[in-house]
Amino acid sequence: MAKSNSFNTNGNAYTIIYASVMVIIVAFLLAFVASALKPTQDANVVNDVKNQILTSLNIESTDVAADFDKYVKDMLIQDGELVEYTGDFKTSYSEELKAGNLHLFVAKLDDGTTKYVVPMVGRGLWGGLWGYVALDEDFQTVYGTYFSHESETAGLGALIAERKFQTSFIGKKVFADDPKTVALTVTKSGKAEGDNQVDGVTGATLTSKGVAEMVTTGLQKYVEAYQPASATETVDESELPALEDYENIENINEVTE
């Protein structure tokens, strides 16, 4: 009787070869799908970061890309001046800040006002923190904020990502007595006083401290690097008309023409 040359499908060799081939095929398919989806995934990450910046400006967007282009311009602070950033949009600012690349987002809103959005990074209890603080044109008053985290505790530190906490910053002042030293901070829950303090999250002391450090040091870095003209303009009293010049004048424009 002739000996069969067919491969023994019940043997160990067949099992190993079959498993290896299947692993290679699956790995190839996964790599192909990941490669095909990468542009879409990257675009989604960019849109998510842009939406975070818009949220700090209190803009609820249904078309993030269009609204970001409409309102916001990505700028860099160089030698105390603003220059337009022309590189690829960044989705993380940790390395940028370490390298001294101070991005400052300048927004022109529908009401004609200018807002400045400062990106910042920090450290919470379990991982990284990041956020954006939007300032009024005077560079002294908080217009809005956005904060998020990598892995803070749900129901505690993770609450910094909730709008209730973020909106508590609105209207707070960046400075107290010294216009060059940032006083804005986060305190223990229920202990905030005055215009420079915000209540932290109850039961999340270390996360709240992390946000406080991130906000204070993050803003201080920008204050030292840049102050817009609107924040530093002062009136030269020597150029104003003398008090007696206002007497018996029907049209005040006559004094200033």
Side-chain angles (χ1 to χ4, degrees), residues 47-64 67-68 70-72 93 103-125 127-176 182-220 222-223 228 231:
N47 269 353
D48 182 55
V49 173
K50 288 182 175 181
N51 191 47
Q52 293 174 20
I53 295 170
L54 290 173
T55 299
S56 75
L57 291 163
N58 304 313
I59 296 174
E60 295 183 6
S61 177
T62 56
D63 189 343
V64 172
D67 284 340
F68 189 88
K70 175 182 177 182
Y71 294 111
V72 184
Y93 292 91
H103 290 255
L104 184 64
F105 298 95
V106 181
K108 296 284 188 179
L109 303 187
D110 289 334
D111 60 4
T113 59
T114 299
K115 309 298 178 185
Y116 299 95
V117 181
V118 177
M120 53 190 62
V121 295
R123 182 78 184 176
L125 175 60
L129 306 175
W130 68 91
Y132 302 90
V133 174
L135 303 176
D136 282 336
E137 194 166 5
D138 61 7
F139 222 64
Q140 300 178 25
T141 309
V142 178
Y143 180 74
T145 69
Y146 176 90
F147 302 112
S148 195
H149 60 91
E150 289 179 352
S151 53
E152 297 307 293
T153 306
L156 294 173
L159 293 177
I160 65 169
E162 300 290 331
R163 290 302 287 162
K164 180 180 179 181
F165 174 73
Q166 295 167 8
T167 55
S168 65
F169 283 79
I170 296 176
K172 293 296 182 178
K173 299 297 182 181
V174 175
F175 308 106
V182 174
L184 181 65
T185 190
V186 179
T187 68
K188 191 173 182 179
S189 180
K191 301 295 184 180
E193 296 180 352
D195 293 332
N196 307 113
Q197 297 182 355
V198 176
D199 278 325
V201 177
T202 302
T205 302
L206 293 180
T207 304
S208 297
K209 285 183 177 180
V211 176
E213 176 71 13
M214 176 175 70
V215 169
T216 303
T217 60
L219 288 176
Q220 185 66 48
Y222 277 77
V223 168

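- Heavy-atom minimum distance, Ser189 versus Thr202: OG-OG1, 2.9 Å.
- Electrostatic pairing of Asp136 and Lys115 counts as a salt bridge here, judged by a charged N lying under 4.0 Å from a carboxylate O.
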Next item on the list: Please step through side chain to side chain contact (heavy atoms under 4.5 Å, CB included) for the pair Leu129 and Phe147, ending with a clear verdict.
Entry: CA-CA 7 Å; Leu129 306 175; Phe147 302 112; over 6 Å; no
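- Rounding to the nearest 0.5 angstrom, the gap separating the OG atom in Ser208 from the CD atom in Glu213 is 13.5 Å.
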Notebook entry, point to check: side-chain hydrogen bond (donor to acceptor under 3.5 Å, both in side chains) between Gln197 and Thr187: does it pass, once the steps are laid out?
Noted result: CA-CA 6 Å; Gln197 297 182 355; Thr187 68; 4.6 Å; no
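- Summarising the geometry, atom OG1 belonging to Thr113 is positioned 11.0 Å from atom CG belonging to Asp138; distances are rounded to the nearest 0.5 Å.
- When side chains are defined from C-beta on, Phe139 counts as touching Tyr116, because their heavy atoms get closer than 4.5 Å.
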Checklist line | Verdict with supporting geometry, Phe169 and Val186, side chain to side chain contact (heavy atoms under 4.5 Å, CB included) | finding: CA-CA 9 Å; Phe169 283 79; Val186 179; 3.6 Å; yes
Next item on the list: May I have the step-by-step check of side chain to side chain contact (heavy atoms under 4.5 Å, CB included) for Thr141 and Lys173, ending in yes or no?
Entry: CA-CA 5 Å; Thr141 309; Lys173 299 297 182 181; 2.8 Å; yes
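- Taking 4.5 Å as the limit, every side-chain heavy atom of Phe105 sits out of range of all side-chain heavy atoms of Leu57.
- In this structure, the side chain of Thr114 does not engage the main chain of Glu137 through any donor-acceptor pair within 3.5 Å.
- Residues His103 and Pro119 share a closest heavy-atom pair of O-CD, 3.1 Å.
- In terms of modelled atom types and a separation under 3.5 Å, the side chain of Tyr143 and the main chain of Ser56 share no donor-acceptor contact.
- Residues Arg163 and Thr55 are in side-chain contact: their nearest non-hydrogen atoms beyond the backbone lie under 4.5 Å apart.
- For the pairing with Gln166, the side chain to side chain contact (heavy atoms under 4.5 Å, CB included) check across Ile160, Val198, Thr145 returns one residue only, Thr145.
- Classified by interplanar angle (parallel below 30°, tilted 30° to 60°, perpendicular above 60°), the ring pair Tyr146/Tyr132 is tilted.
- Inter-residue side-chain proximity for Leu104 and Val118 is flagged as met; some heavy-atom pair is nearer than 4.5 Å.
- Here the CZ atom belonging to Phe68 is positioned 4.5 Å from the CD1 atom belonging to Ile53, to the nearest 0.5 angstrom.
- Nearest heavy-atom pair across Ala176 and Asn196 is CB-OD1, 3.6 Å.
- Going from atom CG of Asp67 over to atom CD of Glu60 covers 11.5 Å, rounded to the nearest 0.5 Å.
- Glu150 CD to Trp130 CH2: the interatomic distance, rounded to the nearest 0.5 Å, is 6.0 Å.
- For the pair Phe175/Val182, a side-chain contact is recorded, criterion being any heavy-atom separation below 4.5 Å from C-beta on.
- In this structure, the side chains of Leu109 and Ile59 come closer than 4.5 Å at one or more pairs of heavy atoms.
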Next item on the list: Would you check, one step at a time, whether the test side chain to side chain contact (heavy atoms under 4.5 Å, CB included) holds for Leu135 with Val142?
Entry: CA-CA 5 Å; Leu135 303 176; Val142 178; 4.2 Å; yes
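- When every heavy atom of Leu156 is checked against every heavy atom of Ala204, the shortest pair comes out as C-CB, 3.8 Å.
- Rounded to the nearest 0.5 angstrom, Thr205 OG1 and Lys188 NZ are separated by 5.5 Å.
- Put simply, the side chain of Thr216 does not reach to within 4.5 Å of the side chain of Leu184, judged on heavy atoms.
- By the 6.0 Å contact criterion, NZ on Lys172 is enclosed, its count of non-hydrogen atoms from other residues, nucleotides or ligands being greater than 12.
- Annotation: side chain of Val223 is not in contact with side chain of Gln140 (no heavy-atom distance under 4.5 Å).
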